[in-house]
Amino acid sequence: MDFETLVTYYERISSTKKRLEILDIFSQLFSYIRDNPDKTDEGDLEKIIYLTQGTLYAEISEQPKLGLAEKTLKDLLSSYYAVNSSTVDSIMKKTGDLGETAAKLAGSKKKQGQITAFMGIQKETLYIKDIYDRLTEIANISGTKSLDKKFDKLRWLLARSSPLSVKYLMRIINSSLRVGVSDATIMDGLAVAFLDDKNYRTLIEKAYNIYPDLGYIGKKIHKEGLNGLKSVQIQIGVPIRMMLASRLDYTQILDKIGGECVSEYKLDGERLQIHKSGENVGLFSRRLKNISEQYPDVQYVIANNISADKVILEGEAVAMDVMFETMLPFQVLTTRRRKYDIQEFVKKIPVCLFLFDLLYLEKNGEKIPVMNKSMLERRKYLEEITTESKELRVVMQKPIHTTDELVEFFNEARAKNCEGIMNKSVDPIESIYKAGNRGFLWIKLKSLEAGKMKDSIDVVPIGAYMGKGKRSNRYGAFLVAVFNEENEKYEFLTRVATGFSDDDLEEFWNMLQPTLSESRPTNVVCNTEKPDVWFNPSAVIEIVGDELTISNKADAGKFYNGQVREKGYSVRFPVFQRLRSDKNIIDCTKVDELVDFYQLQPSSEDLI
DNA sequence: CCTGATGCGTC
DNA sequence: GTCGGAC
DNA sequence: GTCCGACGACGCATCAGG
C-alpha cells in the first residue's frame with residue numbers, strides 16, 4: 001500500500017469529530033487491507049497501526065526512538081525548503097501545526113519545482129514500508145553528526161512526498177497524528193474490519209491489556225482471527241497495562257465506592273510492575289518501559305524476599321533517607337532514574353518498595369488466576385508471599401466506613417509526605433484488577449478541595465506561547481509571575497495551560513492584546529523562557545497546584561533577603577482557576593508568601 | 001572539553 | 001500528571 | 001462515561017557547536 005493512500009484516509013478522518021464517523025472511515029482502511037492482499041505488503045497492517053499511533057514500535061518495545069521533535073523538525077523544514085527559520089516560525093504560529101506548516105512550504109510551487117529540478121528526482125511512489133523502513137533507519141542513527149545523517153534521510157523522503165504526505169509524515173515523526181484516532185479507535189477498527197462486530201473490541205482489549213502491542217495484536221487478528229486473540233496469555237516478562245485510579249471530591253468517594261472501602265497512602269514515587277521468575281526480576285514503568293537496570297536494589301530484594309516461583313507484583317518505589325525512616329520527595333527519587341553511576345546512587349538515595357497489588361502467581365507449580373480475584377484476596381496472597389524488611393514493605397491499609405475517617409486518614413497521609421490516599425473498593429465480586437482501566441474501583445484523593453483547604457496563588461501573566469492544534473489562534477500557555485517586593489519586579493513562576501475553557505482562552509486573548517509588549521518589560525524577570533509574546537503586567541489570575549517545587553528554571557524567589565540564590569520556586573501541576581478582576585497586580589502573591597508556603601509543606605526538603 | 005539546546009520519560 | 005470538549 | 005488531545009515541572013541522556 002502506498003503512503004499517499006494511507007494519508008488520504010487520515011485526511012478524510014480529519015474532516016469530522018463524530019466518533020462513529022471516525023471509526024467508520026478508519027475501519028475502511030483496515031478493510032482495504034483485508035480485501036486487497038495483492039495491493040498491500042506483508043506487515044502493512046502492523047506498520048499502519050504504529051504510524052497511526054505516531055510511533056514506530058509498541059511502548060513495550062526497547063527499540064530506539066526517532067530523536068526528532070518539533071524544534072529539530074522546524075530546522076529541517078527551513079533548511080530543506082530554503083526559508084528563514086523565522087518564516088517557519090511565523091507559519092507555525094499561524095497554523096499551530098507542524099504538519100500544516102510543512103505542507104504549506106512543500107506546496108509553494110516555486111520551491112518544489114526548483115528543488116526537484118535541481119535534484120533531478122522523478123516523481124515516484126513511496127510505499128508504507130519505504131517510509132517505515134526509512135524512519136526506522138533514522139531512529140537507529142546515533143553518535144556524532146547523527147543529526148546530519150538523519151536530515152539526509154528525511155530530505156530523501158521530503159523530495160518524494162506530496163504536500164499532503166509531508167503533512168502527515170511530519171506529524172508522525174512528531175509523535176502525534178492529531179486526527180482523533182488513538183488506541184481505543186484502533187481496537188474498534190480491528191473489531192469491525194476483521195471480526196465483523198464492534199463488540200469484539202472487548203476481547204481485543206483484553207488481549208491488549210496483557211500484551212500491550214497493538215501492532216502485534218492487529219497482525220494476530222488479521223492472520224488467525226478470534227483464535228489468535230484467545231491464544232494471547234499473560235507472560236512473565238511482558239508487562240500488563242496498569243490499572244488506574246479516578247479522582248473525586250472527598251464527599252463523593254464513599255458513595256461511589258459502595259459505602260465502605262480500604263484506603264492506602266498514595267506514595268510519591270515511581271510505580272513499578274515487577275515480574276519475577278525464579279531469580280530473574282524484571283521491572284516495568286507506568287508506561288511499560290523495561291527499567292530493570294535502574295533499580296538493581298529492588299531486583300535483589302524481590303529475588304530474595306518473595307516466595308513464589310513466578311509472580312507479577314505492583315508497588316511504588318520511594319526514595320528514603322539513609323536510615324529508612326522518612327520518605328523523600330519525588331524530586332529526590334528522579335535523580336536516581338539514570339543510566340550511569342547507578343551503584344553510587346543506590347547507596348546515596350536508597351529506595352523502599354511498597355507493594356500494593358498482585359497480578360499473577362505461580363506457587364509450587366500451581367497457577368493461581370489472581371487478576372480476577374477480589375482486591376482483598378489478592379492482598380492476602382501478597383502478604384503471604386512477601387517477607388518484609390526496611391527495603392520491602394506491603395503498603396499499610398485502613399478500612400474506612402465514614403467520610404470523617406476518610407478525612408482523618410487523608411490528613412495523616414499528608415503529614416507523612418504522601419500525596420494523599422488511594423481508596424479501593426472491597427466489593428468481593430467487582431474489585432478485580434482491571435488492567436488498563438481507569439474506573440471507580442480505585443479513587444484517589446489528593447486534596448480536600450471542597451473544604452477550600454488547598455492554597456491558591458494569585459499570579460500575573462507576563463507572556464504567552466501560541467497554541468497548537470485545537471488551541472491554534474489562541475494562546476496555548478501563559479507565563480505567570482509573582483511579585484518580589486525586594487526588587488519590585490514580577491518574577492517568572494511557572495507556565496499554566498490547563499484549566500482554561502475555550503471561552504477563557506478567547507477572553508484572555510482579547511483582554512491581553514492592549515498589554516502586548518515588544519520585548520520583556522523592565523519590571524519582569526524571566527531568564528529562561530522565550531515566549532511568543534510578552535505582556536506588561538496588568539491582570540491577576542488565580543491558580544492552584546499540588547505543591548511548590550524548587551526550580552532551576554523559575555525566577556520566583558531567586559532574589560531573597562538581599563541574596564541571589566541558584567534556584568527559585570515553581571509549581572507542580574499548575575491549574576488555572578479564575579480571573580481575579582477584583583484584584584490589582586500589586587495584590588498578587590508575593591515572593592515572601594511563597595517562601596512561607598514552601599516551608600509549610602509537609603515534604604519541604606532542603607533542596608534550595 | 002565544556003555548555004546549552006533538545007528529546008524523552010517520570011510524575 | 002491536569003483538564004475541557006465532543007460524542 | 002469514554003475518548004482524545006491540549007498542556008504543566010523536573011532530571012537525565014545526547015549531541016551540536018563554541
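To find a chain, count down the sequence lines: A is the first, B the second, and so on, and within it residues start at 1.
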Short heteroatom pairs, N/O only, protein and nucleotides 16-18 of chain D, under 3.5 Å:
unit_1: D/dA16; atom_1: OP1; unit_2: A/K145; atom_2: N; d: 3.2
unit_1: D/dA16; atom_1: OP1; unit_2: A/S146; atom_2: N; d: 2.9
unit_1: D/dA16; atom_1: OP1; unit_2: A/L147; atom_2: N; d: 2.9
unit_1: D/dA16; atom_1: OP2; unit_2: A/K145; atom_2: N; d: 2.9

Give me the distances for all protein-to-nucleotides 5-7 of chain C N/O pairs that come in under 3.5 Å?
unit_1: C/dG5; atom_1: OP1; unit_2: A/D502; atom_2: N; d: 3.0

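Checking A/V571 against A/I141, the closest nucleotide of DNA chain D that is more toward the 5' end is the one next to A/V571.
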### Query
Going 5' to 3' along nucleotides 2-11 of chain B, which nucleotides have protein heavy atoms under 4.0 Å from the base (write B), which only from the sugar-phosphate (write S), and which from neither (write -)?
----SSSSBB
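With respect to A/D152 and A/K149, no salt bridge is recorded, no charged nitrogen being found less than 4.0 Å from a carboxylate O. Salt bridge absent: A/E270 and A/R336 never bring a charged side-chain N and a carboxylate O closer than 4.0 Å. A salt bridge does not link A/K348 with A/D341: none of the charged nitrogens is closer than 4.0 Å to a carboxylate oxygen. The pair A/E419-A/K444 does not meet the salt-bridge criterion, since no charged nitrogen lies less than 4.0 angstrom from a carboxylate oxygen. Using a cut-off of 4.0 Å between Lys/Arg side-chain N and Asp/Glu carboxylate O, A/E529 and A/K553 are scored as salt-bridged.
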### Task
Report the C-alpha distance between A/Y475 and A/F508 in whole Å, list the side-chain angles of each, state the deciding distance to 0.1 Å, and finish with yes or no for ring-ring contact (aromatic ring centres under 6.0 Å, His included).
CA-CA 8 Å; A/Y475 299 128; A/F508 278 68; 9.2 Å; no
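Using atom C1' as the reference point in both D/dC3 and B/dC11, the two lie 22 Å apart (nearest Å). Separation of the C1' atoms belonging to B/dC8 and C/dG1 is 15 Å when rounded to the nearest angstrom.
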